[in-house]
Amino acid sequence: MAALAVAAAALVGGTLAGTVSAGDDKGPLAVEAHMTGIPTLTASDWVTNGDHAVVVEMVSGSEHKGALSARKKENGEGHIPRTATMRVDQVLWSRPGAAAAPKTYQADLLGWWWDGSGEQEFAWKGEPRFEEGHQYIVLLIKGGDGKWGATLHAMPYDDGKVGTGESNGSVGIASGTDELEGLEKEANGKSAAAVKQLLDAATPRN
């Protein structure tokens, strides 16, 4: 990838922006993300700003590749989005008074970065890309338009362990916590039940 541009994407609770820079064409293009909006890093952030903490998995066969807009084609680069249906397998925590958690919801996902000559899988660095066959623990918020969506700081959750599974489009296992922060660091290598305990013990900010 030789392109250099700024990518931005709306996310429930705020807006993400990152700089897409030269890559080595090996594996997904992981882009540093800068979030503006609702904080979702710590357990306290989750119980302050979220509606539900849930375990989710992509519904098999539901992923759809979007189209590259004419403007992006004219610019010679751009993001090709994806959509998919996510299934809620388990509700770990709910905000008192929140609308009932959905059984499924439609997710707008990062897809591919096109540089004018080819495309490469695209992901926010340190964040799941969300792919079929993997589970995740996410914080859901119901938007003003009535749509459900996950916030930043979703966690891989394969084999019943936080940190094991897909992140950045690559699959790994829970290991050291040096590069982790907040709730993900506290929960690394632990079960969904442990995440529930952390959230139940967290104090929301008024």
Side-chain angles (χ1 to χ4, degrees), residues 1-41 56-86 105-139 141 143 145 147-158 163-173 175 178-182 184:
M1 304 287 290
L4 179 65
V6 174
L11 191 75
V12 173
T15 299
L16 280 170
T19 301
V20 179
S21 55
D24 59 8
D25 293 324
K26 295 179 180 179
L29 180 65
V31 179
E32 289 282 358
H34 307 285
M35 177 80 173
T36 59
I38 297 174
T40 56
L41 179 63
V56 301
E57 185 170 351
M58 185 182 291
V59 173
S60 178
S62 69
E63 181 184 66
H64 295 285
K65 186 175 183 178
L68 192 69
S69 69
R71 180 178 59 81
K72 290 175 181 177
K73 289 180 180 179
E74 290 175 1
N75 290 342
E77 60 184 5
H79 173 235
I80 303 170
R82 292 180 297 148
T83 60
T85 302
M86 305 300 290
Y105 64 94
Q106 208 48 30
D108 295 319
L109 305 170
L110 291 184
W112 299 263
W113 188 262
W114 178 72
D115 69 352
S117 61
E119 57 191 55
Q120 187 174 0
E121 287 186 349
F122 184 38
W124 296 121
K125 187 174 182 180
E127 291 289 320
R129 187 171 180 271
F130 292 100
E131 297 184 344
E132 191 173 314
H134 298 282
Q135 285 192 307
Y136 308 87
I137 294 177
V138 306
L139 182 65
I141 293 177
D145 58 0
K147 295 181 180 179
W148 290 95
T151 69
L152 194 64
H153 300 119
M155 299 181 285
Y157 188 64
D158 285 352
T164 293
E166 182 272 317
S167 185
N168 297 334
S170 300
V171 178
I173 60 173
S175 53
D178 290 347
E179 295 184 2
L180 302 179
E181 297 180 279
E184 189 172 7

Closest heavy-atom pair, S167 versus P156, reported as atoms and distance to 0.1 Å, is CB-CG, 3.9 Å
Worked verdict on S117 versus D115 for side chain to side chain donor-acceptor pair (under 3.5 Å): CA-CA 6 Å; S117 61; D115 69 352; 3.0 Å; yes
Report the residues that fulfil salt bridge (charged side-chain N to carboxylate O under 4.0 Å, His left out) with E63, sequence neighbours left out, ordered by chain and then residue number. R82
Please report the interatomic distance CZ(F130) to CE(M58), rounded to the nearest 0.5 Å. 8.5 Å
Please report the interatomic distance CG(L68) to CD(E74), rounded to the nearest 0.5 Å. 10.5 Å
Would you say R129's side chain and S170's backbone share a donor-acceptor pair under 3.5 angstrom? no
Are W113 and F122 an aromatic pair by the rule of ring centers under 6.0 Å? yes
Which atom pair, heavy atoms only, marks the closest approach of M86 to V56? CE-CG2, 3.8 Å
For the CD atom of E184 and the CE atom of M155, what is their distance to the nearest 0.5 Å? 6.5 Å
Taking ring-ring contact (aromatic ring centres under 6.0 Å, His included) as the test, write out the residues that go with Y157, two or more places apart. none
Could you give me the CA-CA distance, side-chain angles and deciding distance for V138 and T151, then say whether side-chain contact (heavy atoms from CB on, under 4.5 Å) is met? CA-CA 7 Å; V138 306; T151 69; over 6 Å; no
Who are the salt bridge (charged side-chain N to carboxylate O under 4.0 Å, His left out) partners of E166, not counting sequence neighbours? none
Side chain to side chain contact (heavy atoms under 4.5 Å, CB included) involving I173 - partner list, sequence neighbours excluded: T164
Residues two or more places apart in sequence or in another chain: which of them pass side-chain hydrogen bond (donor to acceptor under 3.5 Å, both in side chains) with E181? none
Applying side-chain hydrogen bond (donor to acceptor under 3.5 Å, both in side chains) to T83 and not counting sequence neighbours gives none
Closest heavy-atom pair and its distance - Y105, A150: OH-CB, 4.0 Å
Non-neighbouring partners of K65 that pass salt bridge (charged side-chain N to carboxylate O under 4.0 Å, His left out), sequence neighbours left out: E119
Please check this pair: side chain of H134 against backbone of G165, looking for a donor-acceptor N/O pair closer than 3.5 Å. no
Rounding to 0.5 Å, atoms CD1 (I38) and CG (L152) come to a distance of 11.5 Å
V59 to E132 - nearest heavy-atom pair and separation: O-OE1, 4.4 Å
So CD1 of I137 and NE2 of H153: to nearest 0.5 Å the spacing works out to 15.0 Å
Nearest heavy-atom contact between D158 and Q135 is OD1-N, 2.8 Å
Closest non-hydrogen atom pair, W114 against I80: CB-CD1, 4.1 Å
Side chain to side chain contact (heavy atoms under 4.5 Å, CB included) partners for S69, two or more places apart: R71, K72
